[in-house]
Amino acid sequence: MQSKVAAVILKALEIAKSEGLLHCDVPSQLILDRPKNRDHGDYATSIALALAKSANMQPGVIAKVIVKTLTDNKLLTNAGISKVEIAGAGFINITLESASQGVVVTEILTAGKKFGTSNMLTGKKINLEFVSANPTGPLHLGHTRWAAVGDSLGRLLAAAGAQVSREFYVNDRGNQMDLFGASLRAAALGKPRPEDGYHGEYIEDLAKEIVKSNPQITQLAESESISAFTQAGYKLQLEQQRKALDNFGTNFDTWFSERSLYENNFFNHSLDKLKKQGHVYEEEGATWLRTTDFGDDKDRVMIKSDGTFAYFASDSAYYVSKRERGFNLCIYMLGADHHGYVGRVKALAACAGDDPEKDVEVLIGQMVKIIEGGVELKLSKRAGTIITLEELVEKVGTDAARYTLIRYPTDTPMVMDIDLLRKNTNENPVYYVQYAHARICAVLRNAKELGINYGIKFYAPELLTHERERELVGLLAQYPKVLSSAAELRQPHRVARYIEELAAQYHRFYNDCRVLSLGDEKVSGLNSARASLSQATAQVINNGLDLLGVNAPEKM
RNA sequence: GCGCCUGUAGCUCAGUCGGAUAGAGCGAAUGCCUUCUAAGCAUUAGGUCGCAGGUUCGAUUCCUGCCAGGCGCGCCA
């Protein structure tokens, strides 16, 4: 509907220009806003103000020309417009006819689960890397934010037509792993842990489990024993992470091991590739990538002077791997403590001969604070007092945890109030939205019992003339736009905010417009129309929640 | 010192491809269930959109500078 309206106004501009009423270029696209104020109609455009300068005319005059052209050429009825008004300095407010506005309900009921999807990103093969952690401990709050947001973003990008592969990068190389093994062994032997080792209680538990399944492990020579502990701990911990994520509704297509980058000569292959681009050099016995060629603040070491690989070596090979596997967009989701990586990753892409603006995106998730009983829980891995994904889920449940984490833009630091999330009231937005869905389901169940037919065949859009109905229909029509802009901006929180608004709008409608027939009242077309509208609303809430990975219960 | 993020109602936060009277929840006050799920709805109160300049017909939104807070700046991973 919206595109039809925009098209008709553009057409009016063309006609006005050809008739010599307007002397300026006609834009190829027209922006239609949804006015905040309902008195301003269903759509509004400020095109007259925008064109004022280049046309050298008063905005109000241009607006008049547009409106006159629209009416004179009888363009209004075809686009389903019932009213066009000029307001303020030159805004054009457009009101749709109920019937034409209401067709969106039919569209929703026809498309079902697919309503809102698009082909905006068709042809994009996206590698979405998120969570990526050391397999040396439980996933903490920062990981959890990305587990929720990343998963949702993956669904969103797929809904926009992209082919998405979700990838978890397992940091299973380097001295963190050795420290992990040494910490486990120390715990098993009751010895003090290494100074900069792992100190959480979970180390004790893991150590016990490892010793239980392999009692001889402590008898081995120290270095063998440590590496045996490392291996065993790695397996257990990775499995635990996988389970926790699975339980959280977050699944990955690929668990990519950092170690595997060094198998089958892959690292050398990727280094050769980089060398061919001419940004690799040797200095002081080390091998460097000249990332400063592309705006990084310093060059990065890949092979250290002692011959071992720096972390960045893995990064570079990993990137090459992603590109060789055919991804034409690599999205990295990193924590705020890694924001220094942005320049480096972009420069890396450039060093590999790619376009850092197009082929790579780095999203930074700010810190999450958690408050319980009015006190901030301080997070320290060292002291072992981290809040884990499992603990969060245990405290508030998967739905509330996911929803809350997704609800905020990731570039703002957020505070989670555990006490609030435990409340089953509308202080807690996830319940508010879920309640709206459950409420609709209840209404529809009752409708069936009363013999009220609803659905595409029984829906008469022209009957929906009440202000609440029009508002609700108008909001439903916005959903595809919300999805595409959320996908484009990589901001799943927009979906959450939208369905909150939709839930609120439904509750308002529900309060003012009775869906079901009363008592002995005869069932009318209006009952059917309203029930169909309710059904469409439930469908959109369901679709939205689905993108967030949150349940849409039919009963609460 | 340099870089990234943030600063909007008492609290937690949305919003802004530049547009008409800046929004929501909580908290405060007051109404609405002899008939759809009151986990709901409505009304009222509450704002120099951090500060100062600039661009513009128009700036909370864009630009510059400053102030405040968070986080980073290893041949660690």
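These numbers come from a predicted model, not from an experiment. Chain letters run A, B, ... following the sequence lines, proteins first and then strands; every chain starts at 1.
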Within the 6.0 Å centroid threshold, strictly below: A:Phe509 and A:His466: no
Cation-aromatic face contact A:Lys322/A:Tyr332, 6.0 Å, 45 degrees: yes
Under-4.0 Å side-chain N/O to phosphate OP1/OP2 contact, A:Tyr432 with B:rC41: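 Checking B:rC41 against A:Tyr432, a side-chain N or O does come within under 4.0 Å of OP1 or OP2.
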Give me the distances for all protein-to-nucleotides 1-3 of chain B N/O pairs that come in under 3.5 Å?
{"residue": "B:rG3", "atom": "N2", "partner": "A:His339", "partner atom": "NE2", "Å": "2.1"}

Footprint string (nucleotides 16-22 of chain B, 5' to 3'): B base within contact, S backbone only, - free, heavy atoms under 4.0 Å: SB-BBB-
hbond_proxy A:Gln366 side chain to B:rC71 base (donor-acceptor, 3.5 Å cutoff): no
Residues that A:Asp296 engages under salt bridge (charged side-chain N to carboxylate O under 4.0 Å, His left out), provided they are two or more places apart: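 With neighbours one apart ignored, the set is A:Arg300.
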Touch class at under 4.0 angstrom, heavy-atom based, for A:Asn171 against every strand present: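 The answer is nothing, as A:Asn171 stays clear of every strand by at least 4.0 Å.
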A:Leu51 CG to B:rG58 P, straight-line distance once rounded to whole Å: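 Going from A:Leu51 (CG) to B:rG58 (P), I get 18 Å.
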Distance, rounded to the nearest Å, where A:Leu533 contributes CG and B:rC36 contributes P: 19 Å
Test item: A:Arg259 side-chain N/O and A:Asp172 main-chain N/O as donor-acceptor pair under 3.5 Å: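 Yes; judged by distance alone, with no hydrogens or angles, the pair exists.
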Structure string for RNA chain B in dot-bracket form, Watson-Crick and G-U at under 3.5 Å, | interchain: (((((((..((((.....[...)))).(((((.......))))).....(((((..]....))))))))))))....
With A:Phe294 via side chain to side chain contact (heavy atoms under 4.5 Å, CB included) - residues at least two apart: A:His279, A:Ala347, A:Ala350, A:Cys351
Set out, line by line, the N/O atom pairs under 3.5 Å between protein and nucleotides 42-46 of chain B.
{"residue": "B:rA42", "atom": "OP1", "partner": "A:Arg508", "partner atom": "NH1", "Å": "3.4"}

